Amino acid sequence: MSTVVETHDHGHHGPAKGLTRWLFTTNHKDIGTLYLWFSCLMLFIGGSMAMVIRAELFQPGLQIVEPEFFNQMTTNHGLIMVFGVIMPAFVGLANWMLPMQIGAPDMALPRLNNLSFWLLPMAFGILISTLFMPEGGPNFGWTFYAPLSTTYAPSTVNFFIFSVHIMGISSILGSINIITTIFNMRAPGMTLMKMPLFVWSWLITAYLLIAVMPVLAGVVTMMLMDINFGTSFFNAGGGGDPVLFQHVFWFFGHPEVYIMILPAFGIASHIIETFSRKPIFGYTSMVYAMSSIAILSFVVWAHHMFTVGMPLAGELFFMYSTMLIAIPTGVKVFNWIATMYRGSITFETPMLFAIAFVALFTIGGFSGLMLAIVPADFQYHDTYFVVAHFHYVLVPGALFGIIAGVYYWLPKWTGNMYDETLGQLHFWLTFFSVNITFFPMHFVGLAGMPRRYPDYALQFADFNMIISVGAFLFGITQLLLVFIVIKSIRAGKKAKPEVWEGAGELGLEWTLESPAPYHTFTVQPQVK
Amino acid sequence: MAYLRKFSFKFFQIIFLTLPATLLGEESDYNMPFGVTEVSGEIFDLHMLIFWVCVWIGVVVFGIMFWSLWKYRKSKGAVAADFDDHFWLEIGWTVAATLILVVIAIPSTTVMVKAYDDAEGDINIMVTGHQWKWHYKYLEDDISFFSNLSTDQEQIYGQMPKGEFYLKEVDEPLVIPINKRIRFLITGNDVIHSWWVPDFAVKQDAIPGFINTAWTNVPEPGIYRGNCTELCGIRHAFMPVVVRAVEQEEYDAWVVERVMLAEQEKLLTSKEWTTEELFERGETFYQTNCVACHQVNGQGIPPVFPALAGSQIVLNDAPRQIEILMEGVQGAAMASYAGYSEVDIAAVITYTRQAWSNDENGDGVIVTPQDIVAYKNKTEL
């Protein structure tokens, strides 16, 4: 891919000064930065909740918190990590990188972009404020199954519902913006099949979001009606159906799972090709694999519900459809490895995170395949085996993808290289502690420890102690990431435009100077 | 320091001794239990089969990956090749992945069809999940009872050493005979619970408004312990499942005894009770069923669980208190206790009206089993 680099001077219309710059900004880079810092803040809030959970589970018995508060912690940890960390971080990366990768001056709808970010602090402000109300925050799990979340919920559930509505609006607006940008603002010559894979992954993700966010809004609206207006969607006593809740929730929930991983696929692809110094293997099959994963995600939802009492045909259908997902996912892993094969590989921090992503996400994929097997799932369901599985795909999966992306593009954003020694240290500490935390969860789960338990039988004590120690280490290590990022913003070795050796060939963003000027590609580049 | 040393010793013991044993598929504390039934054994085998398939795929895939990372590292002067596609390779690994999945799908389907069977049992038991205890009702015999956690609060709060079956023990286990087909009809009374006994490989959600089925046929006598596995509120971790499987003769004797006990309970209703007798029985009942929320001192955990000590209803409004016990409180955690005997309900009401100085501060009205019978007669009309 070669381009015409524009040399127009932008010094005379830089960003506004002070707080208004951030409140009223319509610049994709500023909004990307806001999204990323917001999700960083949420990472530490949601992470502290995980620390409370792990402190309580350090030993059997109730020592630190009461079960009621424990349930609030598990619920809010899940909600914040899913909706407040992973999703906003990917949107932040999209905001920064999509226009620069497709050669556009900004997002197509900049004011909408500002709105979709500023809705998020509102939503999470409301959600977190419930923890300080007399009845306490939501305590029914992040999956908020009715009737625990309706008839039996604390009255603060109404704040939770409102907050989910706002998050949903923010995501839908963001997705509309991304789709519009990708379809209308690509540089001349950049056909769909020449788009960088991160752009592809976000195009697919944005469609998933538009398809399922209204479903989530629907299910919480039904809850709202049941709680306040006397309907009985989910109340068996009034002729309703509690299982309907789960069907609707997971029809949203499963595509949501892929919303949280597809952009990481895109990021990993870029990083692996950059540090293997070899173009991505099987670009076309990567695009088809992501598309098939997205389409399949709509027909697998009931594998979260194998124990609700479905007919045999239903159980088998959802087992087979779930197993099918292993094929495109496997193809992606094979392609990444084929990209490394006969490359010229170096191991900078983004590459280390990307390699760990491939390996550990695959482990999460394996346990996913095991969970797909219905009869075995009767034993795994709702135990720590499931907790191990989804943390493997979300922490060393999605979160490692995000961290890798941050290291990879940080020099382009700040103009300074990050401290490579500290980056390596951060990686190894993170890699070590993430496995100490989540790997033993497989074993306690198989041995029979159910999830969402504030207290447990003595046989699980050893492993829980190890898990807690790993979790504390993992938590503290992430402060290092913040330090490294701030250090790179303030000073550091100046980054070249291509930043990474040979990256100039790989994407339009590397043709821009580092740091990228406030306005870029005001004249569209030509892609051959 | 001694604590740290003990911790690191355990850590290495687990890494180097327990995990290898687990990987070899032996019976281990850290693997899925083999269980005692035919189905649980087959599920265990299926689990190990998929596990090993995953391990071998992992060995091959990660092997190639780490070998490539090692061999083609730039520091050894590797020069990147220039290829980015291979049609037949792509087709090849897609087909290979599909074939592996088919190989897994076949035994999975077979086991599933076998495990899924809702035909009548020799014995049919209705299992109802309540916040936070299980209720068992034998459909063929006139037996029904609640099964509560029997671990002391002191053990949970660390004021007493924890027993061997900490959080895995109940006052009244479910009793079943061996070598009989037992069918469970599983439902929920309030929120969704899930009834799980790992050794039978039976896990079925207990959903209000639905009756799910599961079955087992246990070949060996023993005590089998399980849990509630669907988040059901604050005491989710404190409603274990315990099943005692016994020889047929023992089971028959148990049935006779239970039926007799039920008869005696009925006689107790018409007996004249003194305040002291009711207080004593009520205190026992309160310790088992009420302390978790309303606390030993009757102070509750406001605002979710109201205090009983000094409550206007407990002090001066006996009819309303009876109503609450019988019907529960709509939209709150308080469930109906109508499934218990008239004696128990009368006793626990009397207890709460006498304890914590409530008798001095309120009207001190005693509630007798006859009052509960009267309430039942009134509401049934």
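Only heavy atoms go into these numbers, but all of them, side chains included; no hydrogens, no water, no symmetry mates. Each chain gets a letter, A, B and so on, in the order its sequence line appears, and its residues count up from 1. Quick caveat, the model's predicted, so the values are computed rather than measured.
- For A:K332, there are no salt bridge (Lys or Arg N to Asp or Glu O under 4.0 Å) partners two or more places apart in sequence or in a different chain.
- In this structure the side chain of A:F234 reaches within 4.5 angstrom of the side chain of A:L244, judged on heavy atoms.
- Of the listed residues (B:G226, B:P198, B:A115, B:G58), the one with the most heavy-atom contacts under 4.5 Å to chain A is B:P198.
- Only the side chain of A:E315 comes within less than 4.5 Å of a heavy atom in chain B; its backbone stays farther off.
- Side chains of A:T75 and A:R452: no donor on one and acceptor on the other come within 3.5 Å.
- Expressed to the nearest 0.5 Å, how far OH of A:Y453 lies from NE2 of B:H236 amounts to 4.5 Å.
- With a 4.5 angstrom heavy-atom cutoff, A:I280 touches chain B only via backbone atoms.
- Between chain B and the options A:V243, A:N139, A:T284, the largest number of non-hydrogen pairs under 4.5 Å is found for A:V243.
- Heavy-atom distances place the side chain of B:Q131, and not its backbone, under 4.5 Å from chain A.
- Residue A:E66 touches chain B through its side chain alone, counting heavy-atom pairs closer than 4.5 Å.
- Rounded to the nearest 0.5 angstrom, B:I156 CD1 and B:L149 CG are separated by 5.5 Å.
- Per-residue heavy-atom pair counts under 4.5 Å with chain B were compared for A:F69, A:F140, A:F347, and the maximum is reached by A:F347.
- Heavy atoms closer than 4.5 Å to chain B are found nowhere in A:P440, neither backbone nor side chain.
- With contacts defined as side-chain heavy-atom distances shorter than 4.5 Å, the pair B:W93/A:N335 qualifies.
- Remark: A:K278 NZ to A:T339 OG1 distance equals 5.5 Å, nearest 0.5 Å.
- With chain A as the partner, the residue from B:N227, B:I50, B:T213 showing the most heavy-atom pairs under 4.5 Å is B:N227.
- Interface remark: A:Y456 contributes backbone atoms only to the contact with chain B (heavy atom separation under 4.5 Å).
- In terms of heavy-atom pairs under 4.5 angstrom with chain B, the leader among A:A326, A:A236, A:A359, A:G239 is A:A359.
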